[in-house]
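Worksheet for the structure shown next.
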Amino acid sequence: MMAISHAWGVRAGIRLACGASLVAMAAAPAYAQAVDEGAVSADEIVVTGFRASLDKALDQKRDSIGAVDVIVAEDIAKFPDQNLAESLQRIPGISIQRDAGEGRAITVRGLGAQFTRVRLNGMETLATSTDGASANRDRAFDFNVFASELFTSLVVHKTASASLDEGSLGAVVDLNTGNPLGGKEGLTAVASVQGRYNDLTKDVDPRLAGLVAWTNADKTFGVSASVAWSEYTTDELGNNSVRWAQAPFRSVDGVTCLDGSDFVDDPSEECIAVAEAFHPRIPRYGLVRHDRERLGATASIQFEPTENTKISIDGLYSQFKETRDEYWGEVLLRSNESGVDVSNYTIDGDNNLISADLDNAYVRTERYSRQSETKFYQVSARLEQRLTDTFKLGLLGGFSKSKADIPVETTLAFDDTDATGYHYDYSDMKSPLLSFGAGIDDPTAFEFAEFRDRPSSLTNKFKTVSGDFDWDVADGFNLLGGGFFRQFDFDTVGYRRDSTYCAAFECAPGTNGLPVTSDIADIFELGKAGQPSGNTNAWVVPDLDAGTALIDLYGRPAVLQEGEQRAVTEKTYGGWLMTEIETELFGMRVTGNAGIRFARTDQSSSGFNSGSFVTVDRSYEDWLPSFNLNLHPTDNIILRGAIAKVMTRPTLGSLTPGGSVDQFNFRISSGNPFLDPYRATTYDLAAEWYFAPGAIASVALFAKDIVSFPISTSLQGTYADSGLPLSLLTPGTPAYDAVVLGEDPDREFEFRTTGNGPGASLKGIELALQLPFSVFSDSLRHFGVLGNATFVDSDVDYSIRGPLVYDPDENDLVAQPNGDYVQPLLGVAKRAWNATVYYDDGKFSVRASAAWRAGYNDSTSGNSNVFEGYGSSFNVDASIRYALTDNIELSIEGTNLTDDYRYRFTDLEANRNYENNHYGRTFLFGARFKI
């Protein structure tokens, strides 16, 4: 009986890994009282608060057969971070990507967000929000959609098993909301009130949360409901170059270089050198203001009519709104170099036109505003039925929908096309000097030149039905299996109201737009953007309301963009079978599982191609065996090993048979519906030493042999080469002028698509330590540290076009053959670490955390740059909590205490500035009440 009892304890951890009773197992500690009244002796130490949550999470990790990491809430409505992604970065091997200063997506063991599957209360789902450019149109899960107070635990599965949903090369993450039957008898109510202060915005914003739960005396029926709401503003201040490019200028130091758009015969060495050098395409400083509102709610009902039957119904709703406002002062060098005169210039050792004076420059001031809203809801139900003492069935069904709408995405531009006296200096790449000449703060120096509005909509849906069984065949031997059906639907559509002013309205001869008056203009003051002294910090910008009303922008017809209407439907069905074992070998306890999962994917991709809406169907199948084995040489040491075949379905944006035309950057992007999934074999080895209560030291080795890896490719050609109709081009855009009006009919376009790549390899090591100081002395039992470090090495063969070179025979800049590069997978940082120091005596708690991530490539780049990505990041957070009474707690929290700047580079070797911005420090103060 001892073996059987322990086996059920292990299977409880296995259920955690399999998701069969995930909510109950993971959330119960958050609701359970730390100590039953009278259950402990007077001299026994009771661990509560943050330390208790660490202990409970460690117990779940220890009992699981697969490699998992767990974060458990200290108490209901009391998750340890303000953002789920920021909590996940405390786990070994996980880094986060930030948007507007807060965590949005995660990277697991070097693999980006698209390689991670997320389940909510046991059901796969996809939540979508908007980022700097548009809505998330891929498989990446946006954690910033949800309020952290709604959740009780996060579980990260790092090794595969047959029972886990397929689709992950990185990890499967389980998010768990309330579990009423895991709570105390009777009524529980919690409310929290916080104020949020940011040192850039200087505003105090509200954050509210509350939860009510009730369980009957017999613990057979329970209900719970929670709600969280916040409204806040974040400023993003900094500079942006919108990449660097090569192009000839009209003149250099007074010497003519161009005859129209072509080089003069026998151009000077200076003309060629400046043309071959890289210059910032749109050097600019500005402000991006994020006004956000987040509302979330959960509800759960659990019913156990008999000891053999359990029914759970869970619902979650989230609404995430943002207004994003941008204010820019810039020089539009992109595509206008042929009219600009360069003087007093410097070319550095990386072939950068690092500084220069510009006359006849195309100065633009820009006002951008986007309103977005994401609504998410999910309803799921699960039945667990024990038919005999050894046989149990489970059924799960549910539906989720995430809809991200952008009803307004407006840009107004004022232009001064022949400005003089402009100077830039990027000697300090992170903080360039950008100095405008006279007139930048005078509305009458400008013309209202362009306007754009780009509404769009994106919808993701999931439908899931699954069933599983659990048969306790014999002592130490379990047989599990199940079947599943999922349908995933992705739809997106975009529209345009883009035009130059003169294409839409009558302009006076010799003008490029409507003369600006103060009635439609404002003066913008930059603020603290990291700029050096001598920088221009104030300029004219369009008044958004007055400008849009003047042209009746929103009354103009919105034109469907064929390349932005696309859809993907995936129907996945299959089954799995798995055995679990517990036995002894050479005196050692051995646990493990082995199984296989079969999944068939029927994929239907739709999009516009050459003016016609087309649909392409395909199917593929995957057999995914997996094996996990754990050896227990002693009670406190676990040696883990795992091997599995895994897959991730192709990115959604790459599957469309259609394409889109960027009419301002001369770029055509198209998809490939016949992309193969990412497929890999994964290997894991780990050693875990639980050397004291609440303590662990561990090392994990991992490797992924990725046999198929779709990779982006870039080609050059003319618009005619694309075969797309001229009707896709909008009057007033640079592409329309060049192609339809014939101003530059042979103008090259960049063609971007995705193909099946040669594969890649990835390997790494994770080191982790959880150390309560009670190990050293009982007097130090309230102190402790957590820390981990991850080192990743990966190799991918890339073929990328390099810089243009002047060819005297062509008398032009020409592309060189593609170069071959061996670099890490995109999104992979080679090193990352995080650490937390804490004190917690149950009444007073202090925590400080730091997270560092090395720089990494996130794109193969463009404009003849080779790769682009982000520099290293370092974030420090801290919190202080004090319990006034058993029912009232006060708190102060700080995030991004170092005010870390986000630096983005273009070109791996030259490290040219793409953008550098910061979001300020954020502080939260408030109180929490519980009955």
Side-chain angles (χ1 to χ4, degrees), residues 239-242 245 247 249-251 258 279-287 326-344 355-368 410-425 432-452 498-526 531 534-544 546-548 550-551 664 732-734 737:
N239 61 78
N240 192 317
S241 70
V242 200
F249 288 82
R250 183 169 72 173
S251 71
L258 296 178
H279 61 268
R281 297 173 70 239
I282 310 179
R284 60 186 185 174
Y285 273 96
L287 163 69
E326 301 183 11
Y327 307 78
W328 297 103
E330 61 201 26
V331 169
L332 202 64
L333 291 175
R334 178 209 69 199
S335 304
N336 294 305
E337 294 91 345
S338 61
V340 178
D341 302 311
V342 176
S343 62
N344 192 28
S355 67
D357 292 337
L358 305 179
D359 287 315
N360 204 42
Y362 199 125
V363 171
R364 167 169 288 183
T365 67
E366 192 172 317
R367 182 71 167 84
Y368 170 94
T410 298
T411 302
L412 302 182
F414 289 170
D415 288 354
D416 177 3
T417 59
D418 57 358
T420 59
Y422 180 79
H423 173 73
Y424 75 82
D425 187 344
L433 171 66
L434 307 181
S435 176
F436 293 83
I440 190 67
D441 56 356
D442 178 8
T444 63
F446 290 89
E447 296 172 319
F448 185 180
E450 287 186 17
F451 55 86
R452 299 192 284 272
D498 296 1
S499 181
T500 61
Y501 185 91
C502 292
F505 304 97
E506 184 176 352
C507 288
T511 64
N512 297 301
L514 178 72
V516 173
T517 65
S518 59
D519 294 338
I520 59 170
D522 290 323
I523 299 295
F524 169 73
E525 299 282 348
L526 179 59
Q531 69 272 35
N535 196 76
T536 297
N537 298 320
W539 52 83
V540 171
V541 293
D543 180 309
L544 192 72
T548 55
L550 177 69
I551 60 175
F664 291 87
T733 62
D737 295 342

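Residue numbers run from 1 in the order of the sequence given.
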Applying side chain to side chain contact (heavy atoms under 4.5 Å, CB included), name anything that partners A521, two or more places apart in sequence or on another chain.
F414, P443, V516, V540
In Å and rounded to the nearest 0.5 Å, what is the CD to OG distance from E330 to S241?
11.5 Å
Pair W328, V541 - check side-chain contact (heavy atoms from CB on, under 4.5 Å), show working.
CA-CA 8 Å; W328 297 103; V541 293; over 6 Å; no
Is any side-chain heavy atom of R281 less than 4.5 Å from a side-chain heavy atom of L333?
no
Please determine whether side-chain contact (heavy atoms from CB on, under 4.5 Å) holds for the pair T733 and T500, giving the CA-CA distance in whole Å, both sets of side-chain angles, and the decisive distance to 0.1 Å.
CA-CA 7 Å; T733 62; T500 61; over 6 Å; no
Check: D442/T444 side-chain N/O donor and acceptor closer than 3.5 Å
yes
To the nearest 0.5 angstrom, please state how far the CG atom of L514 sits from the CG atom of L550.
6.0 Å
Taking T548 for its side chain and L544 for its backbone only, find out whether a donor-acceptor pair lies under 3.5 Å.
yes
Using side-chain heavy atoms (C-beta onward) and a distance below 4.5 Å, is N239 in contact with P432?
yes
Smallest separation among heavy atoms of C507 and G513, with atom names:
SG-CA, 4.0 Å
Nearest heavy-atom contact between G439 and A445 is O-CB, 3.6 Å
Flag, side chain of T365 to backbone of G329, donor-acceptor distance under 3.5 Å
no
For residues F446 and W539, determine if any side-chain heavy atom of one lies less than 4.5 Å from a side-chain heavy atom of the other.
no
Check: V242 main-chain N/O paired with N240 side-chain donor or acceptor under 3.5 Å
yes
Under 3.5 Å, is there a donor-acceptor pair between the side chain of H423 and the main chain of L358?
no
Looking only at heavy atoms, what is the nearest atom pair of S251 and D341, with distance?
OG-OD1, 2.7 Å
Identify the two heavy atoms, one from P283 and one from P280, that lie closest to each other, and give their separation to 0.1 Å.
CD-O, 3.6 Å
F448 vs I520, test: side-chain contact (heavy atoms from CB on, under 4.5 Å). Steps then yes/no.
CA-CA 9 Å; F448 185 180; I520 59 170; 4.1 Å; yes
Calculate, to the nearest 0.5 Å, the distance between atoms CG and OG belonging to N344 and S355 respectively.
7.0 Å
Using side-chain contact (heavy atoms from CB on, under 4.5 Å), reason through D498 and F451 one step at a time and then give a plain yes or no.
CA-CA 6 Å; D498 296 1; F451 55 86; over 6 Å; no
With side chains defined as the heavy atoms from C-beta onward, is the minimum distance between L412 and E366 less than 4.5 Å?
no
Flag side-chain contact, heavy atom, 4.5 Å: L258 against F249
no
Interatomic spacing from CD1 in I282 to CZ in R284 - rounded to 0.5 Å
6.0 Å
Donor-acceptor pair, N535 side chain versus L434 backbone, under 3.5 Å?
yes
Does the side chain of E525 come under 3.5 Å of the side chain of N537 through a donor N or O and an acceptor N or O?
no
Walk me through whether D359 and T420 qualify under side-chain hydrogen bond (donor to acceptor under 3.5 Å, both in side chains).
CA-CA 4 Å; D359 287 315; T420 59; 4.7 Å; no
Under the ring-ring contact (aromatic ring centres under 6.0 Å, His included) rule, collect the residues that match up with Y362, sequence neighbours excluded.
none
Between E450 and R364, does any NZ, NE, NH1 or NH2 come within less than 4.0 Å of an OD or OE carboxylate oxygen?
yes
Min side-chain heavy-atom separation Y327-D522 under 4.5 Å
no
Do any N or O atoms from the side chain of E337 and from the backbone of A247 form a donor-acceptor pair under 3.5 angstrom?
no
Could you label the plane-to-plane angle of the Y422 and Y424 rings as parallel, tilted or perpendicular, counting under 30° as parallel and over 60° as perpendicular?
tilted
Quick check: does any side chain N or O of D519 sit under 3.5 Å from a backbone N or O of T517, one acting as donor and the other as acceptor?
no
Has R452 got a side-chain atom pairing as donor or acceptor with T411's backbone, closer than 3.5 angstrom?
no
Just so I know, are the side chains of N360 and V340 near enough to count as touching, which here means a heavy-atom distance under 4.5 Å?
no
Side chains of V363 and D418, heavy atoms from C-beta outward: is any pair under 4.5 Å?
no
